[in-house]
Amino acid sequence: TGVQTCALPIYVRDFFTLNDENLNNIIKSLHVNSQTDNQKALNCLKWIITNFPYKPDSSNYSKGEFWYMPYESLYRMNGDAEDRTILLANLMIISGIPNWKVRITSGYIFEPIHKKQIGHTYITFFDEEKEKWVILDTSFYPNIKRIIDREEYKKEKMYQERWFSFNNENSWAINEEDIIKMDGFD
């Protein structure tokens, strides 16, 4: 499933650049080699929250919504939810976490100030210790709570309808309309 930019389609799995030297250097600086997958995930999340400021697309670019590749985000050293989430997913897999445990997920969340649903992108991560999927959010509801202390993602009331998920090998969608959203990132 791809979105047309210039003359070449870009597929959601193309947002993974696992051989990027800059990403690998960030992982080396985190010293995660002997850590559990949960510890690695949390340390990668902390790095994003601490070192990679949130900046909406409307402030960064003349476009309403634009998904950047990890190297483009690192060049800018800021980004919005999907930029931060894509960077986090790359770091997690580079750190040695198996890719089946890491999914970039897009869908609706509840925005309490204006009391409405808005589109958002975050990580769903499999906590093998508690055998449940949990949410790692870099932007809207960020927290550095231990992985094993997080609610199962299905119980997180602020996170609502999911459109699609993907990692570097697979992509998943609930129904045909969601595949269309994945095609055009609408």
Side-chain angles (χ1 to χ4, degrees), residues 11-55 67-107 109 120-160 162-172 182:
Y11 298 89
V12 290
R13 293 179 305 275
D14 293 338
F15 285 104
F16 286 85
T17 57
L18 304 178
N19 293 319
D20 183 289
E21 192 64 29
N22 292 312
L23 295 175
N24 280 279
N25 286 337
I26 291 168
I27 290 302
K28 287 176 190 169
S29 75
L30 295 177
H31 307 286
V32 296
N33 290 343
S34 61
Q35 295 179 352
T36 67
D37 289 347
N38 283 6
Q39 291 169 326
K40 290 176 185 179
L42 185 59
N43 282 323
C44 290
L45 177 64
K46 286 178 181 177
W47 188 90
I48 294 289
I49 291 171
T50 304
N51 297 292
F52 199 79
Y54 179 88
K55 189 171 184 182
W67 292 35
Y68 274 94
M69 301 297 282
Y71 67 88
E72 294 170 310
S73 295
L74 283 176
Y75 175 76
R76 288 170 178 71
M77 281 309 289
N78 65 53
D80 67 354
E82 74 276 347
D83 302 323
R84 292 165 59 121
T85 299
I86 290 167
L87 200 54
L88 175 58
N90 275 267
L91 291 174
M92 290 169 68
I93 293 173
I94 291 169
S95 77
I97 297 172
N99 68 348
W100 67 267
K101 292 182 172 186
V102 180
R103 292 182 180 181
I104 295 174
T105 302
S106 290
I109 62 168
H120 186 50
T121 301
Y122 51 90
I123 297 284
T124 45
F125 172 70
F126 188 73
D127 170 9
E128 209 164 359
E129 293 176 41
K130 294 283 188 174
E131 296 185 353
K132 64 182 179 181
W133 288 92
V134 299
I135 293 173
L136 305 182
D137 192 340
T138 64
S139 303
F140 208 85
Y141 298 113
N143 72 69
I144 55 171
K145 188 187 304 183
R146 293 182 328 155
I147 303 297
I148 61 170
D149 295 333
R150 293 170 184 259
E151 286 285 334
E152 182 177 17
Y153 85 101
K154 290 179 182 179
K155 295 178 182 175
E156 293 276 6
K157 294 186 183 347
M158 301 306 246
Y159 297 85
Q160 300 176 340
R162 290 176 312 284
W163 303 327
F164 59 87
S165 297
F166 64 96
N167 64 22
N168 61 315
E169 288 187 9
N170 298 293
S171 55
W172 302 268
M182 189 166 36

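Bear in mind the structure is a predicted one, so any value in this text is a computation, not a measurement. Throughout, residue positions are numbered sequentially from 1 according to the sequence presented.
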K.L.:
Determine, using ring centers only, whether Tyr122 and Tyr141 are less than 6.0 Å apart.
P.N.:
no

K.L.:
For residues Ile144 and Lys46, report the shortest heavy-atom separation together with the two atoms involved.
P.N.:
CG2-CG, 3.6 Å

K.L.:
If I take atom CZ from residue Phe166 and atom CH2 from residue Trp172, how far apart are they, to the nearest 0.5 angstrom?
P.N.:
10.0 Å

K.L.:
Give a yes or no answer on whether the side chain of Asp83 reaches the backbone of Ser73 with a donor-acceptor pair at less than 3.5 Å.
P.N.:
no

K.L.:
Give the minimum heavy-atom separation between Phe16 and Ala89, together with the two atoms involved.
P.N.:
CE2-CB, 3.7 Å

K.L.:
Atom NZ in Lys101, atom CH2 in Trp133: separation rounded to 0.5 Å?
P.N.:
9.5 Å

K.L.:
Begin with the C-alpha distance, continue with both residues' side-chain angles, and end with the deciding distance and a verdict on side-chain contact (heavy atoms from CB on, under 4.5 Å) for Glu129 and Thr36.
P.N.:
CA-CA 10 Å; Glu129 293 176 41; Thr36 67; 4.1 Å; yes

K.L.:
Rounded to the nearest 0.5 Å, how far apart are OH of Tyr68 and CD1 of Ile86?
P.N.:
12.0 Å

K.L.:
Can you name the closest pair of heavy atoms from Ser171 and Val12 and give their distance?
P.N.:
CB-CG2, 4.0 Å

K.L.:
Only pairs at least two apart or in different chains count here, so list each salt bridge (charged side-chain N to carboxylate O under 4.0 Å, His left out) that has a residue in residues 142-154.
P.N.:
Arg146-Asp149

K.L.:
How are the rings of Tyr159 and His120 set to each other: parallel, tilted or perpendicular (split at 30° and 60°)?
P.N.:
tilted

K.L.:
Working to the nearest 0.5 Å, report the span between CG of Leu18 and CE of Met92.
P.N.:
12.5 Å

K.L.:
On the 0 to 90° scale, with breaks at 30° and 60°, tag the Trp67-Phe15 ring pair as parallel, tilted or perpendicular.
P.N.:
tilted

K.L.:
Taking Ile93 as the fixed residue, which of Asn168, Leu23, Ile27, Leu88 is the one that meets the side chain to side chain contact (heavy atoms under 4.5 Å, CB included) rule?
P.N.:
Asn168

K.L.:
Distance-only, no hydrogens or angles: does the Asn38 side chain make a donor-acceptor pair with backbone N or O of Ile147 under 3.5 Å?
P.N.:
no

K.L.:
Is there a donor-acceptor pair under 3.5 Å between the side chain of Arg162 and the backbone N or O of Thr105?
P.N.:
no

K.L.:
Within a strict 4.5 Å, meaning less than it, do heavy atoms of the Tyr54 and Asn78 side chains meet?
P.N.:
no

K.L.:
Can you tell me how far apart CG (Asn167) and CZ (Arg13) are? Round to the nearest 0.5 Å.
P.N.:
9.0 Å

K.L.:
Could you tell me if Thr85 and Thr121 have a donor-acceptor pair between their side chains, going purely by distance under 3.5 Å?
P.N.:
no

K.L.:
Atom OG1 in Thr17, atom CG in Asn90: separation rounded to 0.5 Å?
P.N.:
4.5 Å

K.L.:
Tell me the closest heavy-atom pair linking Met77 and Asn51, and the distance in Å.
P.N.:
CE-O, 3.3 Å

K.L.:
Would a distance-only check, ignoring hydrogens and angles, find a side-chain to backbone donor-acceptor pair under 3.5 Å from Asn43 to Lys40?
P.N.:
no

